[in-house]
Structures are given as C-alpha cells and as structure tokens.
Amino acid sequence: MTTQLTSAPPTAEATRKARRRPEDSHAARGTRPGFLWALPATLFFTLFAIAPLLMVAVLSFMSWNGLGSPEFVGTDNWKRILDDPVMIRSIWLTLLLTALGVVLQTPLSIVLGVWAAGHQRNRAVLSAVYFIPLLLSATAVSVLWRALLDPNFGIPARMTWLFGDGNLFGEQSTAIGVLAFVATWQFTPFHTLIYQGAARAIPPVLYQAAEIDGAGRFRQFFHITLPQLRNSIVTSMILMIVGGLTTFETVLILTQGGPGTDTTISAYYMYQKAFKSFDFGAGAAIALCLVVAATIVSLIVVRVSGYDKMRSDMEGVS
C-alpha cells in the first residue's frame, strides 16, 4: 500500500503575504528622496525667485520713481506700455532675435555635439578651443565684438569691399544680424555640450545593427541619432527661448537699442523705463510681461513636442 501525500492549498492570508513587497526596504519604496532633501532648494528658490517675482507684480500696479513711497495707480502702467508703439515693436524684435537664435544655434549645436562625441583625431584639442566662448561672460563677449566690429578701427573698416562703409550698427538689418551672430558665437558651445553628452549616451548597438543592415552615416544620423536626441533638443530649445527673451547685456553694449529704437528689445526697454526714466512701475510691468511670455512659449514647446509625456529616463524613449 502506498500513501499519497497532498499539501493543503494556501490560504488567502498566505497568498497576500507572499505577494506583499517588503515595506522596510528603501528600494521597494523607490529611490526618490523625501521632501526634507528638497527643503533647502525650495527655500532658496522661494526667497530669491518667487518673492522677488511677487514684489515685481505688486510694483507693476504702483507709481514709483525710486524715491519716497510707491503710490497705487491700478492698471495705468499696463495701459501705457500696451499703448506704447516702442513697446509693441520691442516685442516683435525680441521674438525675431529669439527665433534667429533657435534657427542658427540648433542645427549647428547638434552637428558639433555629435562630432565632439566621437573619437576623431585632435577632437579634444579642437573642442577645447571651440568651447572658449563659453568661459567668457556676456559682457566680455559684447565688449570684444564691439571692438572687433568698430566702424573706424575694427575689421569692417579694413574690409570695405565686404562691409561697405563699415558701419554695421547703422542699419536695423545689419545690427540685428550682428546681435544674432554674437549670440550664436557665445552660446552655441553650451548647447553643443548638451548634445555631446546625449550623443555619447546612445547605445552603440543601434549603430552596429544599422551597419549590418547597410545604413550609411547619413541614414544613421537621421534615423538613429536625431530621434535619440529628442529630449535634449527640446531642453536646448527651451533654454534658447528663455535666454533669447531675456537678452540684455549684448544689446546694451553693442547697439544700445539703436539706431534709434530699431534694436530696442523688451528687456532693454525695461531697463530704459526703470533706470533711465525712473519709471519703475512701467519697468516692472514690462518685466512681468517677459516672465509670462517666456513661461507660455516654454509650455507650448513642451506641449507640442510631447516632452511632458516622456516617462523614460533613457534618451529618445517615450
């Protein structure tokens, strides 16, 4: 006679315990730090960003010349700047310079970043030389190019066959071109670093599989590299847009808003209103408009690109 042993079916309580994940493990709860870790940064951001922004918003409804006590004037400052033709023109000039920055810097940064991520001969030396403008401040760069492009003693004065009378700051088109060129020369290395790091994070197995399928370098670039750089492209464009909307030092040193008001962008017009005309209420209103515009444009870019729906921490995976 043989005896057959059978095990009793597990109870519901035993099943729940088996499926329950360990609660005392930090890995089971994820690797995100608690709120206390973010508290110092939150306090810093509140003190130096949120609080000044609220003060500017309040000041935009005040009349104040820098002395005495501010007086509440309601929406008078807003009505004045919205009816000011110089303000309207400055908005379009700001958008134009921002668009030129994105159009010029994005393709150049992508190409240079992908190239710098490779293993070419003398790549490190050439990259170090190319990144020198990134080490300089906007003021130093503006002073440098102001001297180089001086109509009397600079490069245009010695190359009249190319620059005509040599005064690149005398017409609106050439002055805007100079501003766009200087911004591209200064900030392209920064965005190149973003793309360089992102390109190095692309798995080499993708290129190896493409080579087996017979894809050349151009097909690999457009079908592998660019899709994998999607997150970085959106991030870089947002930084370009915010930087373009808040450009100030370059205009102040190179053109001072001239000729006339042909290069008076919104940030420079805010400076003129607040610190030259001592109309701090109108200056605060212009500053608030810039903040709102930069936020709206950034949200539009994030929404249109689908960046807000990307959940993976891997480049190009959504």
Side-chain angles (χ1 to χ4, degrees), residues 49 52-64 73-106 138 142 168-184 186-187 234 236-305:
L53 182 60
L54 293 177
M55 295 173 63
V56 170
V58 173
L59 186 59
S60 65
F61 297 97
M62 302 288 183
S63 176
W64 188 47
V73 294
T75 59
D76 287 350
N77 293 325
W78 293 92
K79 292 179 181 178
R80 285 193 294 114
I81 65 171
L82 294 178
D83 293 336
D84 190 347
V86 178
M87 177 61 190
I88 303 301
R89 192 184 307 115
S90 71
I91 295 176
W92 288 110
L93 289 173
T94 303
L95 295 177
L96 175 61
L97 284 175
T98 302
L100 288 175
V102 173
V103 170
L104 295 175
Q105 296 178 40
T106 299
S142 301
L168 299 179
F169 304 103
E171 296 183 4
Q172 183 182 34
S173 58
T174 54
I176 291 177
V178 168
L179 293 175
F181 168 78
V182 172
T184 301
Q186 180 184 6
F187 295 111
V234 176
S236 176
M237 287 183 62
I238 292 175
L239 293 175
M240 289 180 188
I241 291 172
V242 174
L245 293 177
T246 57
T247 298
F248 171 71
E249 302 98 324
T250 307
V251 176
L252 175 65
I253 297 174
L254 285 176
T255 65
Q256 296 184 354
T261 58
D262 287 343
T263 58
T264 301
I265 60 176
S266 298
Y268 183 76
Y269 193 51
M270 173 194 66
Y271 161 77
Q272 285 185 320
K273 281 289 187 181
F275 298 100
K276 284 192 172 182
S277 301
F278 299 101
D279 190 354
F280 288 95
I286 298 174
L288 202 59
C289 287
L290 287 174
V291 173
V292 174
T295 303
I296 292 176
V297 174
S298 300
L299 291 176
I300 291 175
V301 172
V302 170
R303 188 69 175 179
V304 172
S305 63

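Just so you know, residue 1 is the first one in the sequence shown, and it goes up from there. This structure is a prediction, so every number in the text was calculated from the model and none was measured. Only this structure's heavy atoms are used, side chains among them; waters, hydrogens and symmetry mates stay out.
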Query raised in the report: Are the side chains of Thr106 and Met237 in touch, meaning some heavy atoms are under 4.5 Å apart?
Result: yes
Report summary line: Taken to the nearest 0.5 Å, the spacing of Arg303 CZ from Ile296 CD1 works out to 15.0 Å
**Report entry** Pairwise side-chain contact, Phe61 with Val73, heavy-atom cut-off 4.5 Å (strictly under)
**Finding:** no
**Report entry** From Leu96 atom CG to Ile91 atom CD1, the distance as rounded to the nearest 0.5 Å
**Finding:** 13.5 Å
Query - Inter-residue atom distance Thr98.OG1 - Met240.CE, 0.5 Å rounding - result: 11.5 Å
Requested in this report: Taking all heavy atoms of Ser60 and all of Ala284, pick out the closest pair and write down the distance.
Outcome: N-CB, 3.8 Å
Report task. Could you tell me whether the side chain of Asn77 and the main chain of Met62 form a donor-acceptor pair under 3.5 Å? Result -> yes
Query raised in the report: Do you know which two heavy atoms are closest between Ser266 and Thr94, and how far apart they sit?
Result: N-OG1, 3.0 Å
**Report entry** For Ser298 against Ala294, the heavy-atom pair lying closest together
**Finding:** OG-O, 2.7 Å
Query - Heavy atoms from other residues, nucleotides or ligands near CZ of Phe248 exceed 12 (cutoff 6.0 Å) - result: yes
**Report entry** Minimum-distance pair of heavy atoms, taken over all atoms of Pro259 and Gly170
**Finding:** CG-O, 3.5 Å
Query raised in the report: In Å, rounded to the nearest 0.5 Å, how long is the span from CZ of Phe187 to OG of Ser236?
Result: 12.0 Å
Query - Close side-chain approach of Asp279 and Arg80, heavy atoms under 4.5 Å - result: yes
Scan the side chains in residues 249-256 for donor-acceptor partners under 3.5 Å anywhere in the protein, sequence neighbours excluded, and list what turns up.
unit_1	atom_1	unit_2	atom_2	d
Thr255	OG1	Val251	O	3.3
Thr255	OG1	Gly257	N	3.3
Thr255	OG1	Thr263	OG1	3.0

Query raised in the report: Taking it one step at a time, do Leu53 and Leu288 satisfy side-chain contact (heavy atoms from CB on, under 4.5 Å)?
Result: CA-CA 8 Å; Leu53 182 60; Leu288 202 59; 3.9 Å; yes
Requested in this report: Before giving the answer on side-chain contact (heavy atoms from CB on, under 4.5 Å), spell out for Trp92 and Leu95 the whole-Å C-alpha distance, their side-chain angles and the decisive distance to 0.1 Å.
Outcome: CA-CA 5 Å; Trp92 288 110; Leu95 295 177; 4.3 Å; yes
Query raised in the report: With side chains defined as the heavy atoms from C-beta onward, is the minimum distance between Ile81 and Cys289 less than 4.5 Å?
Result: yes
Report summary line: Per side chain to side chain contact (heavy atoms under 4.5 Å, CB included), Leu97 is matched among Val102, Thr247, Ile176 by Ile176
Query raised in the report: Out of curiosity, Tyr268 OH to Leu93 CG, how far, rounded to the nearest 0.5 Å?
Result: 13.5 Å
Report task. Specify whether Trp64 and Phe280 have parallel, tilted or perpendicular ring planes, treating 30° as the upper limit for parallel and 60° as the lower limit for perpendicular. Result -> tilted
Query - Candidate pair Lys273 and Asp84, rule side-chain contact (heavy atoms from CB on, under 4.5 Å), full reasoning - result: CA-CA 12 Å; Lys273 281 289 187 181; Asp84 190 347; 4.2 Å; yes
Query raised in the report: Taking atom CE of Met270 and atom OG of Ser90, what is their separation to the nearest 0.5 Å?
Result: 11.0 Å
Query raised in the report: Which heavy-atom pair separates Thr246 from Val242 by the least distance, and what is that distance?
Result: OG1-O, 2.8 Å
